[in-house]
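Presented below is the structure to which this report refers.
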Amino acid sequence: MTQALNIVWFKRDLRIADHRPLATAARLGPVLPLYIVEPDFWAQADASARQWAFAAESLEELGRELAVLGQPLCVMTGDAVGIFREIHQRHGIASLWSHEETGNGWTYARDLAVAAWAREQGITWHEPRQFGVIRRLASRNGWANAWDSDMAEPVTVPPIALKPLGVDWPQTIPTAAELGLQPDPCPDRQRGGRTAALATLAGFLGERGRDYRFRMSSPVTAFEACSRLSPHLTWGTLSMREVAQASVTRLRALKPLGDPSAKSWRASLISFMGRLHWHCHFMQKLEDEPRLEFDNLHRGYDGVRPDVADQIKLDAWCAGQTGFPFVDACMRALDRHGWINFRMRAMLMSFASYDLWLPWRASGLHLARQFVDYEPGIHWSQVQMQSGTTGINTMRVYNPVKQGMDQDPTGAFVRRFVPELEGVPDAFIHEPWKWSGAASLRYPPPIVDHATAAKAAKDALYALRKGAGHKEAARKIVTKHGSRKAGTAATGRKPKAKARVVQADQLTLDL
DNA sequence: AGTGCAGTTGACTTT
DNA sequence: TAAAGTCAACTGCAC
């Protein structure tokens with residue numbers, strides 16, 4: 001019998017750079033790099049073939065990198081505990097290494113099962129952090145500083161070589177169809193893998209991010225001006241630390257350039273770095289309170305919306321057939337690209353939750369599947385914020401017509417994704433129902449009257465907010481989850497008016 | 001050139 | 001990340 005294996009279990013960290021489990025385990029002895037394709041995970045309602053396609057591309061490249069190091073990636077399909085048990089019986093497992101994961105309820109339960117099995121077998125499972133998310137966090141105080149110092153730590157250098165194990169391990173990456181996933185064409189999806197990740201990072205920091213601040217809000221410009229790093233952070237083809245440090249390096253390089261354009265560049269970069277921070281801030285919420293994936297953060301809102309979604313409205317929303325051109329264009333763009341910018345995600349969710357009065361879990365699941373960058377902690381926190389169920393955020397009900405006029409004044413974006421509206425005059429592009437030729441369009445009339453629906457939704461939620469006990473529960477939520485930005489929870493003071501203006505272009509979220 | 005006024009703008013509040 | 005409403009200051013313009 002050969003020496004027992006140290007298993008490096010790759011999860012959503014598909015890289016060798018800045019990979020502490022890999023680097024540390026490689027110093028101990030023989031390493032088996034392992035990815036487990038878990039059919040039950042991919043059968044969950046928040047999983048989709050587009051996500052798998054991105055992951056599979058990333059795995060392929062990871063496999064090549066590991067092969068160069070000397071030991072290719074072992075890919076096995078099945079239940080994690082079952083697979084570990086099998087490997088342990090055949091070869092003996094000395095230790096288990098993986099990054100700590102803040103995933104969905106399913107991965108949480110799976111990790112508990114793996115931990116229980118490992119404990120039972122006397123195998124130590126080491127789980128270093130890869131994000132600024134702290135497990136078993138006692139208090140949010142000091143969280144932001146911890147994030148800063150964590151991200152400032154040196155990136156971990158990958159091992160120079162891995163000792164070949166000399167056994168033929170399976171390496172086959174199943175197709176989406178083999179995994180039983182529904183067909184999910186996403187023609188303009190970003191490609192997975194480390195090469196694409198590095199190119200995207202270089203493109204953003206080198207040029208695309210120059211006017212990030214001003215171009216991130218409109219879907220006309222956001223596809224180019226946003227970093228587009230999100231799927232790479234989700235699947236770990238880049239580490240948060242790598243992105244944070246590359247941003248700092250770029251910021252420093254811009255300093256000596258005295259010209260005014262460099263000043264704007266810097267402001268965009270600082271704005272971007274704030275969002276890296278928020279990425280972990282939202283993941284931390286799910287880490288602290290996993291039930292927010294399923295239940296209202298503030299239980300006072302339980303039952304306010306129907307438990308079962310109105311199928312006609314849900315279907316129309318999912319298909320981009322609501323009759324609101326800007327909403328439909330965004331949904332169809334998302335379907336093609338597997339990505340849409342943050343603000344439009346908020347608008348889509350707001351429309352589902354307020355205008356259509358759909359239960360957020362159903363609509364949230366559709367968006368989760370559409371997002372190649374689906375990150376449960378960010379996603380479900382955002383879903384609840386856009387649904388008014390956190391109890392501590394101002395309701396933000398988007399007016400889809402106003403958003404259209406603000407973000408797509410020429411209607412170019414609408415016409416690209418809703419070709420049925422090609423012939424509608426500019427003046428009516430966001431409200432085609434007001435145009436005299438509307439009857440001839442092969443496009444549905446608006447599914448709801450926005451003013452009426454938004455008013456009804458606001459009234460229902462405000463009635464609960466005024467109810468007994470609402471405030472007390474909300475206060476506890478703020479204490480547990482609220483950010484500690486200057487002038488908010490930490491000091492109990494209100495920010496000065498001036499500070500508020502400075503923050504306006506940044507992501508000044510309340511939660 | 002001063003006055004009155006409708007319309008606009010921006011800061012701030014409310015929902 | 002919102003939008004609508006309020007209010008006061010401001011602007012352009014007719015007289």
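Note that the structure is predicted; figures quoted are calculated from it, not measured. Below, chains carry the letters A, B, ... as their sequence lines are ordered, and counting in each starts from 1.
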Value in whole Å for how far the [atom2] atom of [N] lies from [atom1] of [X]:
| X | N | atom1 | atom2 | value |
| --- | --- | --- | --- | --- |
| L348(A) | dT1(C) | CG | C1' | 13 Å |
| R396(A) | dA4(C) | CZ | P | 14 Å |
| R215(A) | dT1(C) | CZ | P | 19 Å |
| M344(A) | dA2(C) | CE | C1' | 11 Å |
| K455(A) | dT14(B) | NZ | C1' | 13 Å |
| M405(A) | dA3(C) | CE | P | 12 Å |
| D406(A) | dA3(C) | CG | P | 7 Å |
| H379(A) | dT1(C) | NE2 | P | 21 Å |

Side chain of [X] only, please: which of [options] is the nearest?
| X | options | value |
| --- | --- | --- |
| Q403(A) | dT1(C), dT15(B), dA3(C) | dA3(C) |
| N399(A) | dA3(C), dT15(B), dT1(C) | dA3(C) |
| M385(A) | dT1(C), dA2(C), dA3(C) | dT1(C) |

With the side chain counted from C-beta on, respond yes when [X] and [Y] share a heavy-atom pair under 4.5 Å apart, and no when they do not.
| X | Y | answer |
| --- | --- | --- |
| E101(A) | Q130(A) | no |
| E289(A) | K480(A) | yes |
| F413(A) | F326(A) | yes |
| R241(A) | D150(A) | yes |

Point to revise | Ring-face cation contact, W339(A) with R228(A), 6.0 Å cut, 45° max | key: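 Yes - R228(A) lies over the ring of W339(A), closer than 6.0 Å to its centre and within 45° of its axis.
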Review point. Any side-chain N or O of R343(A) less than 4.0 Å from the OP1 or OP2 oxygen of dA2(C)?
Key: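 Looking at the OP1 and OP2 atoms of dA2(C), one of them is under 4.0 Å from a side-chain N or O of R343(A).
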Exercise for review: Report yes if at least one side-chain N or O of K458(A) is closer than 4.0 Å to OP1 or OP2 of dT15(B); otherwise report no.
Suggested key: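 The answer is no; no side-chain N or O of K458(A) sits under 4.0 Å from OP1 or OP2.
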Exercise for review: Looking at every strand, decide which applies to M395(A) at a 4.0 Å heavy-atom threshold: base, sugar-phosphate, or nothing.
Suggested key: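 M395(A): base contact, heavy atoms under 4.0 Å.
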